[in-house]
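Note that these values count all heavy atoms, side chains included, but never hydrogens, waters or copies made by symmetry.
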Amino acid sequence: YREILDERKHGDSSYFGKEMVRRNPKKRVIMSNFLGRVDLMLTDHRLIEDFFKKEPLYYSKDPFINYPSLLLMGNGLIMIENRRRKLHRKILSEAFEFNNLRKVQPIISEAISDHFSEIEREGRMSNVNIISEFQKITGDIVLKTFFGADFSKRSVNGKNITQFLAELVEASGLQLIKNPLTILFGGEILKLNLTKHDRRVSRETEELRAIAREVINMRREERKVKEHDRDFLDFILKYNQNNPDDQLSDAEIIDDMITLFIAGMDTTGHLLGYVVYILSKQPEYLTRIKNEAIANGINFDRITIDDLASLKYLDAFLKEALRFCSPAPYLFPRMATATHKLGDITILKGTIVNVGSNIIGFPHVPVSYTHLTLPTIYSV
């Protein structure tokens, strides 16, 4: 809960960790405790490397904190931990293979164009919450590329499904704060639906899943008449058809859709918003990005996946922006399932371990966003 307090007091959920490392750049571990819990934040790259090697053997996701995510995303790629995780990764990695991304690229371009045209028609170009708009765009793209354009046009309780799901994600994220009993009993108490907020999240989650199940069944029937290759749902159903002994269930397909929506909407929206902020403060980066695109003969009215792959400086710039202010600063906390060692440190069973990726990636200077300078660590 320190992250919540830091966010409220300093506007930065990682303030405590960044300050600790700034004062002592050689600090290897940041330790805190809450009631009987011991939490370790790894900041030393050797310990982090050892942690990732041993994570499958000695850790599971911490149910105390992660339960709201489990209720919403179920057995999606992020939350699942057993051998099924490999199957999810295999299918989704094939779905996101470069040639498959080419197929959905027109959907992406159309969604971006439609959203900015709407902003322009409404006269909001000079006064727009850019992060919120990017989240709307990326959320819409995820739904269209995963379940198809028809799914993204559906409405729930008078709201389009993108808005409905975005608000559901936000409500789910607030469950640990809205229900004070989670402080004592952890996230698992949420499944009892003791509060009005918890009951709302549970009801709306099921409403979303019911619509998704309907879409999957309709698509399955359509494919009996004529096979299509329009989006990721077609790809997954085709995989299931060709691999009857190793399939994703309908529930797992929905779990992955929600997982990708959250990952795409929240992290991509914040990254793009932060990138726009950097470019507005330091336009020399924008000039270099534009010059690279012009030198590569990019048609700004019709940018393709292959065009983006050729923009090496843009790729480096985005990686540096991710390092400087990651939109996903932490892993899901892991709980040690057995006593073991990370490097020379003994980790007792029950210890919570995490990696502060944005703490170790942040330059060791006072937390200030007034004058931003991205160090050129990527050679282009």
Side-chain angles (χ1 to χ4, degrees), residues 55 60-63 65-97 100-101 104 107-108 134-148 151-152 154 156 161-176 187 190-191 201-202 204-213 215-216 219 231-237 239-240 247-271 326-334 357:
E55 189 267 339
S60 63
K61 292 186 177 70
D62 174 23
I65 296 295
N66 294 327
Y67 206 80
S69 301
L70 184 61
L71 288 175
L72 184 59
M73 293 186 282
N75 288 319
L77 179 61
I78 290 179
M79 300 308 299
I80 198 167
E81 295 191 84
N82 54 34
R83 62 171 292 274
R84 299 289 293 176
R85 182 182 182 184
K86 293 182 178 180
L87 176 61
H88 284 249
R89 289 184 63 181
K90 177 178 183 295
I91 294 175
L92 290 178
S93 64
E94 291 179 9
F96 280 89
E97 192 268 332
N100 288 323
L101 287 177
V104 298
I107 299 175
I108 297 172
F134 278 137
Q135 287 181 322
K136 291 177 184 177
I137 292 170
T138 52
D140 190 37
I141 288 172
V142 169
L143 295 184
K144 286 180 176 178
T145 54
F146 200 102
F147 271 1
F151 181 76
S152 67
R154 288 177 175 249
V156 188
I161 199 148
T162 303
Q163 180 186 356
F164 176 83
L165 183 47
E167 292 179 3
L168 177 58
V169 170
E170 181 179 1
S172 174
L174 290 173
Q175 281 186 284
L176 287 176
L190 297 175
K191 64 185 177 183
V201 171
S202 179
E204 292 185 352
T205 299
E206 181 49 39
E207 288 174 348
L208 173 70
R209 289 181 173 277
I211 294 174
R213 285 193 294 269
V215 171
I216 292 172
R219 183 68 63 84
D231 46 46
F232 295 147
L233 178 57
D234 275 329
F235 180 89
I236 294 171
L237 292 178
Y239 179 92
N240 281 353
Q247 301 182 348
L248 289 184
S249 67
D250 288 359
E252 288 175 312
I253 294 173
I254 298 170
D255 293 339
D256 278 331
M257 179 272 291
I258 296 174
T259 298
L260 291 176
F261 179 88
I262 295 172
M265 180 196 71
D266 194 52
T267 57
T268 308
H270 277 89
L271 171 63
S326 170
Y330 304 109
L331 303 175
F332 284 97
R334 262 64 169 181
S357 59

Tell me the closest heavy-atom pair linking [X] and [Y], and the distance in Å.
X	Y	answer
Phe151	Ile211	CE1-CG2, 3.8 Å
Ala212	Met257	CB-CE, 4.4 Å
Leu77	Arg85	CD1-O, 4.0 Å
Arg209	Ala251	NH1-O, 3.9 Å

query = Is the CD atom of Glu206 crowded by more than 12 outside heavy atoms at less than 6.0 Å?
reply = yes
Heavy-atom side-chain contact between [X] and [Y] under 4.5 Å:
X	Y	result
Lys136	Thr162	no
Phe147	Val142	no
Glu204	Leu165	no
Ile80	Glu252	yes
Arg154	Val215	yes
Val201	Thr205	yes
Phe261	Leu143	yes
Ile258	Leu208	yes

Find the distance between [atom1] ([X]) and [atom2] ([Y]) and round it off to the nearest 0.5 Å.
X	Y	atom1	atom2	answer
Arg334	Asp62	CZ	CG	10.5 Å
Leu72	Thr259	CG	OG1	8.0 Å
Lys144	Ile107	NZ	CD1	8.5 Å
Ile254	Leu233	CD1	CG	10.0 Å
Met73	Leu260	CE	CG	10.5 Å
Tyr239	Ile253	OH	CD1	12.0 Å

message = Test of understanding: with salt bridge (Lys or Arg N to Asp or Glu O under 4.0 Å), list the residues that count as partners of Glu167, not counting sequence neighbours.
response = Lys159
query = Where does the angle between the aromatic ring planes of Phe232 and Phe96 fall among parallel (under 30°), tilted (30 to 60°) and perpendicular (over 60°)?
reply = tilted
task = Taking side-chain hydrogen bond (donor to acceptor under 3.5 Å, both in side chains) as the test, write out the residues that go with Asp234, two or more places apart.
result = Arg219, Arg223, Arg230
request  = Could you walk me through whether Val104 and Asn100 pass the side chain to side chain contact (heavy atoms under 4.5 Å, CB included) test, one step at a time?
outcome  = CA-CA 7 Å; Val104 298; Asn100 288 323; over 6 Å; no
Side chain to side chain contact (heavy atoms under 4.5 Å, CB included) assessment of Glu94 paired with Ile236 = CA-CA 10 Å; Glu94 291 179 9; Ile236 294 171; over 6 Å; no
ask   = Would Arg89 and Asp256 pass as an ion pair if we require N to O under 4.0 Å?
value = no
